[in-house]
Amino acid sequence: MLISLHPFHENDPWHLPLLIVFFTASTGIWLYSFSRWKNLLVSIYCFYFESSAEDACPPDLLQGKEPHVTIQICTYNEAHVVEETITRCCKLDWPLHKLSIQICDDSTEKESIAIIENSVVEWREKGFNVSRHARPNRVGYKAGNLNHNFPFIEGEFVAYLDADHQITTDFLRKTIPHFYDANGECKDHIGLVQTPWSYYNTHENLLTECDALGLDIHHVVEQVGRHRVHGVFGFNGTGGVWRRDAIQAAGLFSSDTVTEDLLLSYKAYLAGYEFHYVRTAPQQLEVPGNFLAHVQQKQRWTKGFIQVLRIFYGEVLVSPHTPFQVKLEAFLHLCGPLQLIMTALVFMVYPYLVYHQIDSLMVKAVSVSAIVEPVASALHALTKKVPSENGYYNLWWSRLLRLNVILPYFALRFGMSAFEVKAVLEGFFSDDATFLTTPKAGLKNNVCEKTNARKIKVCPTDDLTASAGLCLAFHQTIYVFALDGRLHGYGLFDIFIRAMNMIICIGLYWVNFSFLITKYCNHVETFCMSFSQQKQRGFGVVFIVVVNCFMVLTYSVSLI
């Protein structure tokens, strides 16, 4: 028998705790939404009302007067992607005598070392200034690697690339000129020029489709908005060109956090430098193709954001030269991972509020507002994403078909809630800054998922986290059936709340089951994730149908 609704009683012990959780989470969402809405509206203005030519530099600027540029490729046992990246760097449209390519190699696998050394020899024979820089240990991980090789930078500018970042031939032509004005005079206050990302394996499976959409939202909405309003944003760790003096002024890369790129950005800003974001020059790289890699990467980012908040935000707050609006934006930026947790709490607590007769127009308004901005940002990102050389989304109908990914994307985000909570706690209470490199398969995808999975170092507590996520999903499913089926209303809002709870439940099952399957039964996971592009689109439609069938079933049971 289903649980029946009980009238609220003034002595109900759940009344106060539920209200505290709900309104604390919703207040946090409202505060964060100020930043999100501002960035979204600014981005809409930039894409719809500003010419893309304003984001570009004259093609002949610096022609014959190019400065010396060093490209540093940071790698660790990434044999299947680094060779293509080196090749792309050597094909850049830049004078050979003004270009230095350095592979900052921490590899321990013989295969990776051999591939890099052979590639270095091959390109040096062709006249390119290519070199491999190794060190005896991995102290400081990626930050330590970059700091060790900082003295070897030649020239005033250095471009940082991950091993899988495959830049276009005009990469330097589209970035270096932004360090200069229209007359060719150097703008010394510009410390970083960042390019957006695109992804060569977007259509590999449903996970990569959803992950690509999430990253597009970051680059199209957040990065564009922060750059346009404040002149400061987070360095993405790859695909950016730094002024050497800006890094020096910031004290180099810090190994106290797993997001050394983000911390460097704020340190350089406090040192007096501004940043430029070239929204029309996407450079492609790889997004994780399996759930072990996805969870590892997202946990590292979340943990790193909270570590930077804990370690460095105090300096931003007391900085006398930093405007209040930048201080507020920096706080909301670094607290970004908390938004997902708070949004999930709002929707998951709502059925309990209804069950205990704690319902009002304000509660409904707060619940709806929690999802309006994310949906608007997703629609803006998939319509205004600048296509890269891979040709994805050049045609309007390909962007229209991408609408199928929005619901699965939200399911994926909500499904990561348990792992995000774990990463947030580690960021607040742990000083561990072990940098775990995300394994890559490469453009040719010649590495099987089983081999890739073996390279991923999964924390033992992740199993407990996934189990907790499944328990949460089961518990919430029971409440959705038992409580939503007995709601007194069947209006648009009730349908919306049921749908959101279904998406959360499906996401929790999907992410946590897939994580455990990937770890303990890789062959099954490979089968589950082997959707082609056409099947993935079909899955998006099926996903929508399942959510609606779930709600219809709930209504039917409620009438029994």
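The figures that follow rest on heavy atoms only: side chains count, while hydrogens, waters and symmetry mates do not. Everything quoted here is computed from the prediction, not taken from an experiment.
Counting non-hydrogen atoms of neighbouring residues, nucleotides and ligands closer than 6.0 angstrom, the OH atom of Tyr313 exceeds 12 such neighbours.
No side-chain heavy atom of His165 sits under 4.5 Å from any side-chain heavy atom of Gln284. The side-chain heavy atoms of Pro196 and Tyr277, taken from C-beta on, include a pair separated by under 4.5 Å. Within the 4.5 Å cutoff, side-chain heavy atoms of Tyr200 are placed close to those of Asp164. Within the 4.5 Å cutoff, the side chain of Trp197 has no heavy atoms near those of the Gln283 side chain. Taking the side chain as every heavy atom from C-beta outward, Phe312 and Leu262 never approach each other to under 4.5 Å. Counting heavy atoms from C-beta on, the side chains of Ile406 and Leu382 come closer than 4.5 Å. Between Cys335 and Leu309, some side-chain heavy-atom pair lies under the 4.5 Å cut-off. Looking only at side-chain heavy atoms (C-beta outward), Lys519 and Asp462 stay at 4.5 Å or farther from each other.
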Take Arg226 and Val232, measure what side chain to side chain contact (heavy atoms under 4.5 Å, CB included) needs, and give me the verdict at the end.
CA-CA 6 Å; Arg226 292 190 181 106; Val232 60; over 6 Å; no
When you look at Arg36 and Gln339, which way does the side chain to side chain contact (heavy atoms under 4.5 Å, CB included) test go after all the steps?
CA-CA 11 Å; Arg36 296 276 297 188; Gln339 184 199 27; 4.2 Å; yes
Going through the distances and angles, do Arg310 and Asp256 end up as a salt bridge (Lys or Arg N to Asp or Glu O under 4.0 Å)?
CA-CA 11 Å; Arg310 174 171 58 88; Asp256 294 331; over 6 Å; no
Would Glu329 and Ser35 satisfy side-chain hydrogen bond (donor to acceptor under 3.5 Å, both in side chains), going step by step from the backbone distance to the final call?
CA-CA 7 Å; Glu329 179 66 25; Ser35 170; 3.0 Å; yes
Could you walk me through whether His294 and Leu207 pass the side chain to side chain contact (heavy atoms under 4.5 Å, CB included) check?
CA-CA 9 Å; His294 177 81; Leu207 172 62; 3.9 Å; yes
Evaluate Leu285 against Thr238 for side chain to side chain contact (heavy atoms under 4.5 Å, CB included), listing each step before the verdict.
CA-CA 10 Å; Leu285 42 67; Thr238 179; 3.9 Å; yes
Report the C-alpha distance between Tyr32 and Trp37 in whole Å, list the side-chain angles of each, state the deciding distance to 0.1 Å, and finish with yes or no for ring pair (Phe, Tyr, Trp, His ring centres under 6.0 Å).
CA-CA 9 Å; Tyr32 190 75; Trp37 274 111; over 10 Å; no
His380 and Ser43: CA distance, side-chain angles, deciding distance, side-chain hydrogen bond (donor to acceptor under 3.5 Å, both in side chains) verdict
CA-CA 9 Å; His380 176 56; Ser43 178; 2.9 Å; yes
Evaluation steps, side-chain hydrogen bond (donor to acceptor under 3.5 Å, both in side chains), between His230 and Gln325:
CA-CA 8 Å; His230 304 297; Gln325 60 268 27; 5.6 Å; no
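Atom CG of residue Leu317 and atom CG of residue Leu328 lie 10.5 Å apart, to the nearest 0.5 angstrom.
With Phe419 as reference, Phe515 is the one residue of Phe414, Trp301, Phe515 to meet the ring pair (Phe, Tyr, Trp, His ring centres under 6.0 Å) rule.
Side-chain atoms of Asn77 and Thr108 include a donor-acceptor pair closer than 3.5 Å. Side-chain contact annotation: Glu373 with Ser33, donor-acceptor N/O pair under 3.5 Å absent. Glu420 and Thr302 are linked by a side-chain donor-acceptor pair at a separation below 3.5 angstrom, with hydrogens and angles left out of the test.
A donor-acceptor pair under 3.5 Å links the side-chain atoms of Asn201 to the main chain of Val287, judged by distance alone. A distance-only check finds a donor-acceptor pair linking the side chain of Thr259 to the backbone of Gly304 [under 3.5 Å]. Distance alone, capped at 3.5 Å, is enough to place a donor-acceptor pair between the Gln307 side chain and the Val258 backbone. In this structure a side-chain-to-backbone donor-acceptor pair under 3.5 Å is present from Thr465 to Thr461.
Contact record, Glu222 with His218: OE1-ND1, 3.0 Å, taken as the closest heavy-atom pair. Scanning both residues, Ile306 and Gly427, for their nearest heavy atoms gives CG2-C, 3.5 Å.
Using a cut-off of 4.0 Å between Lys/Arg side-chain N and Asp/Glu carboxylate O, Asp211 and Arg413 are scored as not salt-bridged. Salt bridge present: Lys142 and Asp162 bring a charged side-chain N and a carboxylate O closer than 4.0 Å.
Taking the six-membered ring wherever Trp is involved, the centroid distance between the rings of Tyr509 and Phe474 does not fall below 6.0 Å. Ring-centre distance between His333 and Phe305: below the 6.0 Å cut-off. Between Phe253 and Tyr160, the distance from one ring center to the other falls under 6.0 angstrom.
Stacking of Arg138 on the aromatic ring of Tyr76 is recorded, both the 6.0 Å distance cut-off and the 45° axial limit being met.
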